[in-house]
Amino acid sequence: MALAAPLFRTFTYRVPDGIAVPIAPGTRVLVSFRNRPEIGICLGATVPPDGITLKPIQAVVDDVPSLPASLLHTGKWIADWYAAPLGLTLRSMLPTALTSAKAPAPASRTQRMVRIVMDLPSLLQREQTFARAKQQRVVYDLLEAQGGAAPLESLRIQANCSAGVFTAMAKRGLVDIRDEVQQRDPFADRAGTLPPPNPSEAQREAVRAILAGDPGQVFLLHGVTGSGKTLVYIEVLRAVLQQRDKTAIVLVPEIALTSQTVDRFRGAFGDDVAVLHSGLSDGERLDAWQSLRRGERRIAVGARSALFAPLERVGVVIVDEEHESSYKQSETPRYHAREAAIVRARAEGAVVVLGSATPSLETWERADRGQAIRLTLPDRAAGAQLPPVTVVDMRVELKQAVKERNPNAPFDETLGVFSKSLLVALEQRLVRGEQSLLLLNRRGYSSFMQCNACGDVPVCPHCSISLTYHRVPEMLVCHYCQHQQPVPAVCAQCSADTMRRRGLGTQQVERVLSERFPEARIARMDVDTTSGKWAHTQILDRVGRGEVDILLGTQMIAKGLDFPNVTLVGVVDADTGLNLPDFRAAERTFQLVSQVAGRAGRGPKGGDVIIQTRMPNSHAIRHAITHDVTGFVREELGARRMPAYPPFVSIANVLVSGLDQAATAATAVAAASWVQRLVERQGLRDLVFVGPAPCPIDRIKDRWRWHFLLKSSQPKLMTRVARYIAERCPVPKMHELRLTVDRDPVSLL
DNA sequence: CTAGGATGAAAG
DNA sequence: TTTCATCCTAGC
C-alpha cells in the first residue's frame with residue numbers, strides 16, 4: 001500500500017481475520033505506520049517480503065474505493081512522470097478530510113462566532129475590566145486583532161483557554177456568542193436561468209467534431225477572445241450529460257473561478273455543478289467531493305485539483321485557458337493538470353478539450369504532430385470586430401515629451417507613464433461614460449527605491465529582490481516573502497539624502513491617474529486589494545454595475561472579464577516580463593498582451609486597445625497586436641530550436657536550496673557532477689546538461705537557490721533520470737539543504 | 001554521569 | 001518527513 005511519506009517505496013501489511021479479501025485497489029485502510037495511525041491506500045496484493053514481521057491492517061475505511069481505477073492510474077502516472085513519491089501523490093488527490101486518521105471533520109454549515117460588543121478604547125478601562133481576568137484579556141486582544149469577530153474554536157486554541165472564558169465574557173456583556181452560517185459559497189445563489197443557446201455555425205461544427213471524437217482524443221479549441229468557447233463547452237457538456245448519461249470535468253484557472261465563467265456553467269446546469277475552489281473549507285470540500293462520488297452532481301468545475309473529482313463514466317474533460325501556468329503545481333507532486341487531464345481522460349475513455357485563444361506551444365505542437373485535432377473558432381460570436389490596436393513607442397514618446405516640456409512648469413508625473421494618446425483616449429471614455437481597463441503587469445518588478453548618488457537599491461534581506469515601494473501604508477515590501485521595512489530617509493550605503501522612487505507600481509499609477517482625472521471612479525485590482533476571500537468578485541461586480549470608470553490592475557484583470565461597456569484597454573508597459581531570464585518570457589508576454597487586448601470592444605460600442613512599449617519590434621508584441629498566433633508560434637518555435645527548449649526537448653529543472661549560501665552552491669555543484677558522472681557512466685548521449693548556476697532569483701524566503709537543467713529529446717529517458725536523481729542524489733543533512741526535481745517546469749525563475 | 005545536540009537509518 | 005536509537009560533548 002501507499003503511505004503519505006516522502007519515500008519512493010510502498011509497504012506491505014497483513015490482512016487479519018475478519019477483513020474480507022481481496023481489498024480493491026484504491027481503498028483507504030487504517031494502519032499503524034511509524035507507531036501512529038495513518039490512512040494508507042491499498043494498491044493490491046503482493047508476495048510478502050521475507051525477514052519482516054508484517055503489521056496488520058487495522059480497518060478498511062472505504063466500502064468502495066476512494067480512488068477508482070482511472071484515478072489510481074492517473075496518480076501512478078503523475079508519481080512516475082514527475083518523480084514524486086506515490087503516497088504523497090495519492091494523498092494530494094483526495095480531500096484532506098479523507099486522508100487524516102483523526103476523526104473525520106463533519107461538514108458543518110454553522111460555526112460559533114464570538115464578536116466584541118463592548119469597546120474598551122482606553123487603556124485604563126482595559127486594565128480595570130480585566131484586572132482579575134487575565135485569560136479574558138488575552139481573548140479580547142486576540143479578538144480585537146482579528147477585526148472584532150472570530151470563530152470561538154479558533155480563538156480558544158489560540159488563547160489556549162477553556163470555553164468557560166467565553167461564557168464569562170458573554171455574561172459580562174463584553175462579547176456576543178452565536179452560531180453563524182459559515183462564509184457562504186457566493187456561487188450558491190447564482191444558479192440562474194439558462195441563457196438562450198444560439199451557437200454559430202463554427203461553434204456547432206466544433207461541438208459536432210468533439211462529440212464524434214474517439215475515446216482519449218485530444219482537441220485544441222482555438223478561438224480568439226470572445227469567439228464563444230464557453231458556449232461550445234456548454235453544448236458539449238449538455239450532450240455528454242443528457243444524451244450519453246455521462247459526467248464531465250471542467251478545469252479553469254483559479255482566477256476564473258471568481259468570475260463569470262462559473263456563472264455560465266451554473267446557469268446552464270444548476271445543481272448538477274460542483275464548484276471546487278481554493279476558498280472552500282475542509283468540510284465544504286468533503287461535501288463537494290461526496291456529492292460527486294454519490295452521483296448527485298455530474299459536473300466538477302474547478303482549478304487544477306478538480307481533475308481528481310471522484311466521478312465515474314467521465315465523458316469529457318475540458319481544460320479552459322490551457323496555456324495558463326497555474327495549471328502547474330508548484331509543490332510535490334509538481335504535475336501539470338493539462339497533461340494529467342489527458343492521462344485521466346484516456347483512462348476514462350473520455351475526450352479532452354483544450355481551449356485557448358493563445359495556446360501553449362506544447363499544445364500547438366501536439367496538434368501539428370497530429371496528436372490533437374485543432375478546431376478553430378474564427379469569428380467573434382456577436383459578429384463584433386476585434387478591436388483595433390495602437391502601439392505607442394514609449395522611446396519616441398519620451399523624447400518628444402522632453403523636447404516639448406516647459407522647463408518652468410512643475411514636473412508632470414504622467415510623463416513616462418502615460419502617452420498622450422492613452423491620456424486622450426481615457427479622457428474620451430470618461431466624457432462618454434464608458435469604462436477603461438489599464439493593465440500594469442508590475443508585481444515583483446514594480447517601483448523600487450534607488451539612491452541618486454550611489455545607485456544603491458534597497459533589497460529584501462531574505463530574497464534577492466528589490467523591495468517594492470507601497471504608499472499606503474508607506475513601506476518597502478518584498479513581493480516574495482512579504483518582508484516589510486520602513487522607507488529609508490537616507491541611503492543605507494552612502495548616507496546621502498537622495499533616495500528616489502523609480503519605476504511604477506499600481507498604487508503610483510492609481511495616484512497619478514486620480515490627480516489627472518479627479519472626477520473618475522478608479523478601482524485597483526491586485527494582490528493587495530484582493531486579499532479577502534471574495535474580493536475579486538466584489539471588485540468585478542462593481543465594474544459590472546458600472547460603478548467604476550477605470551479599472552487598474554495586474555495580470556489578473558486580463559483574464560475572463562467580459563464587460564460590454566469597456567471600450568478601452570491600455571497596456572501601460574507591455575515590456576514587463578519580456579526581459580525575464582526565462583525561456584517562456586516571450587510566450588507569456590504574447591499571451592498576456594493578446595488576452596488583455598481582447599478585453600476591449602465586447603459590446604456593440606466596439607473599443608480600442610493602446611499598447612505602450614519600448615520594444616515594438618519584438619515578435620511577442622508584433623504578433624499580439626495583430627492577434628496572430630500562427631505567426632507568433634512560427635517565430636517562437638524558431639527561437640526554441642537552438643538552444644533546444646520545449647516543445648523540442650523534455651526538460652527538468654533540478655533546484656538545490658538551503659539556508660547557507662556557500663553550502664547551497666557547493667551542494668548544487670556536487671549534485672551536478674554526480675549527475676554528470678551518471679550520464680557518463682551510462683553513456684547517455686541524449687541527455688544535455690546545463691549549469692549549475694544560481695537561480696535568476698537566487699534567494700527566496702531566506703533560502704539560497706541554485707539550479708541546473710537537464711534536456712533530452714527522449715521523454716522516457718528523462719523519466720528515468722529524473723526519478724533516479726530525486727531518489728538517490730545525495731544531499732548533506734545540513735543548513736536545511738534540499739534538492740527538488742521539477743519536470744516540465746513552467747518557470748525557471 | 002547525564003542532558004541535549006548531532007547524525008544516521010528506518011519506516012512493513 | 002518524522003522518528004528513534006546511538007554517539008558525542010559540554011557541563012555539573
Side-chain angles (χ1 to χ4, degrees), chain A residues 1-62 65 67 72 75-76 78-80 82-102 329-335 654-660 662-664 666-667 670-671 674 700-703 705 722-743:
Chain A
M1 80 180 55
L3 284 152
L7 305 170
F8 291 89
R9 44 171 305 199
T10 55
F11 294 88
T12 311
Y13 282 79
R14 182 166 57 82
V15 183
D17 295 342
I19 289 182
V21 280
I23 301 171
T27 303
R28 291 179 302 142
V29 293
L30 182 66
V31 296
S32 160
F33 182 61
R34 292 179 278 169
N35 285 326
R36 50 192 331 139
E38 292 282 354
I39 296 290
I41 307 287
C42 173
L43 298 170
T46 47
V47 182
D50 40 40
I52 284 165
T53 341
L54 300 186
K55 287 187 186 175
I57 288 173
Q58 284 171 356
V60 174
V61 185
D62 291 326
L67 288 169
L72 198 53
K76 285 177 176 173
I78 289 174
D80 185 50
Y82 296 101
L86 182 60
L88 293 183
T89 304
L90 297 185
R91 181 176 65 178
S92 74
M93 297 171 77
L94 290 167
T96 26
L98 292 180
T99 58
S100 156
K102 296 188 197 103
Q329 174 143 310
S330 54
E331 301 128 34
T332 311
R334 299 171 164 260
Y335 68 95
V654 181
L655 181 81
V656 174
S657 67
L659 297 178
D660 182 84
T664 304
T667 307
W674 183 88
I700 295 180
K701 294 186 185 165
D702 284 333
R703 302 186 68 88
R705 309 164 78 238
R723 174 158 182 124
Y724 195 80
I725 296 172
E727 201 176 332
R728 309 287 257 282
C729 186
V731 176
K733 284 200 170 172
M734 47 190 295
H735 306 301
E736 283 189 32
L737 284 163
R738 275 205 291 268
L739 180 146
T740 45
V741 178
D742 186 7
R743 181 152 191 204

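Excluded from the calculations below are hydrogen atoms, water molecules and symmetry mates; all remaining heavy atoms, backbone and side chain alike, are included. Within every chain, numbering begins at 1; the chains are lettered A, B, ... in the order of the sequence lines, protein sequences first and strands thereafter. The structure presented is a predicted model; accordingly, all values stated were derived computationally and were not measured.
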Just by modelled atom types, is the A:Gly87 backbone N or O under 3.5 Å from a matching donor or acceptor in the A:Arg91 side chain?
no

Going by heavy atoms closer than 4.0 Å, what residues in residues 723-733 of chain A are next to DNA chain B?
A:Lys733

A:Arg705 side chain near A:Leu655 side chain, heavy-atom distance below 4.5 Å
yes

Side chain to side chain, A:Leu90 and A:Thr99, heavy atoms closer than 4.5 Å:
no

Measure the acute angle between the ring planes of A:Tyr724 and A:Trp674, then classify it against the limits of 30° and 60° as parallel, tilted or perpendicular.
parallel

Taking only heavy atoms on the protein side, list every residue of residues 21-43 of chain A lying under 4.0 Å from any atom of DNA chain B, sorted numerically.
A:Phe33, A:Arg34

Is the side chain of A:Ser100 donor-acceptor paired with the backbone N or O of A:Ala97 at a distance under 3.5 Å, no angle test?
no

Where A:Leu739 and A:Cys729 come nearest, the two heavy atoms and their spacing
CD1-SG, 3.8 Å

Identify all side-chain donor-acceptor contacts of residues 27-38 of chain A below 3.5 Å with residues at least two apart in sequence or on another chain.
| from | atom 1 | to | atom 2 | distance (Å) |
| --- | --- | --- | --- | --- |
| A:Thr27 | OG1 | A:Ala24 | O | 2.6 |
| A:Arg28 | NE | A:Asp62 | OD1 | 3.0 |
| A:Arg28 | NE | A:Asp62 | OD2 | 3.2 |
| A:Arg28 | NE | A:Ser66 | OG | 3.1 |
| A:Arg28 | NH1 | A:Leu98 | O | 2.7 |
| A:Arg28 | NH2 | A:Asp62 | OD1 | 2.8 |
| A:Ser32 | OG | A:Lys55 | NZ | 3.4 |

Under 4.0 Å, heavy atoms only, any strand: does A:Pro49 hit a base, just the sugar-phosphate, or nothing?
base

Give me the atom names and distance for the closest heavy-atom approach of A:Ile23 to A:Cys42.
O-SG, 3.6 Å

With a 4.0 Å cut-off (strictly under) to non-hydrogen atoms of chain A, the first and last hit nts on DNA chain C, 5' to 3', are C:dT1 to C:dT3

Chi angles and distances behind the side chain to side chain contact (heavy atoms under 4.5 Å, CB included) call for A:Val731, A:Val656:
CA-CA 9 Å; A:Val731 176; A:Val656 174; over 6 Å; no

Taking A:Arg703 for its side chain and A:Glu736 for its backbone only, find out whether a donor-acceptor pair lies under 3.5 Å.
yes

Could you tell me if the side chain of A:Ile57 sits less than 4.5 Å from the side chain of A:Met1, heavy atoms only?
yes

Name the first nucleotide and the last nucleotide along DNA chain B (5' to 3') that come under 4.0 Å of a heavy atom in chain A.
B:dA9 to B:dG12

With the side chain counted from C-beta on, respond yes when A:Pro85 and A:Leu7 share a heavy-atom pair under 4.5 Å apart, and no when they do not.
no

Output the residues of residues 2-15 of chain A in contact with DNA chain C, where contact means a heavy atom of the residue under 4.0 Å from an atom of the strand; sort by number or write none.
A:Pro6

Set out, in order, the CA-CA distance, both residues' side-chain angles and the distance that settles side chain to side chain contact (heavy atoms under 4.5 Å, CB included) for A:Leu54 and A:Tyr13, then state yes or no.
CA-CA 5 Å; A:Leu54 300 186; A:Tyr13 282 79; 5.8 Å; no

Candidate pair A:Met93 and A:Leu67, rule side chain to side chain contact (heavy atoms under 4.5 Å, CB included), full reasoning
CA-CA 8 Å; A:Met93 297 171 77; A:Leu67 288 169; 4.2 Å; yes

Test side chain to side chain contact (heavy atoms under 4.5 Å, CB included) applied to A:Asp80 and A:Leu86, step by step:
CA-CA 8 Å; A:Asp80 185 50; A:Leu86 182 60; over 6 Å; no

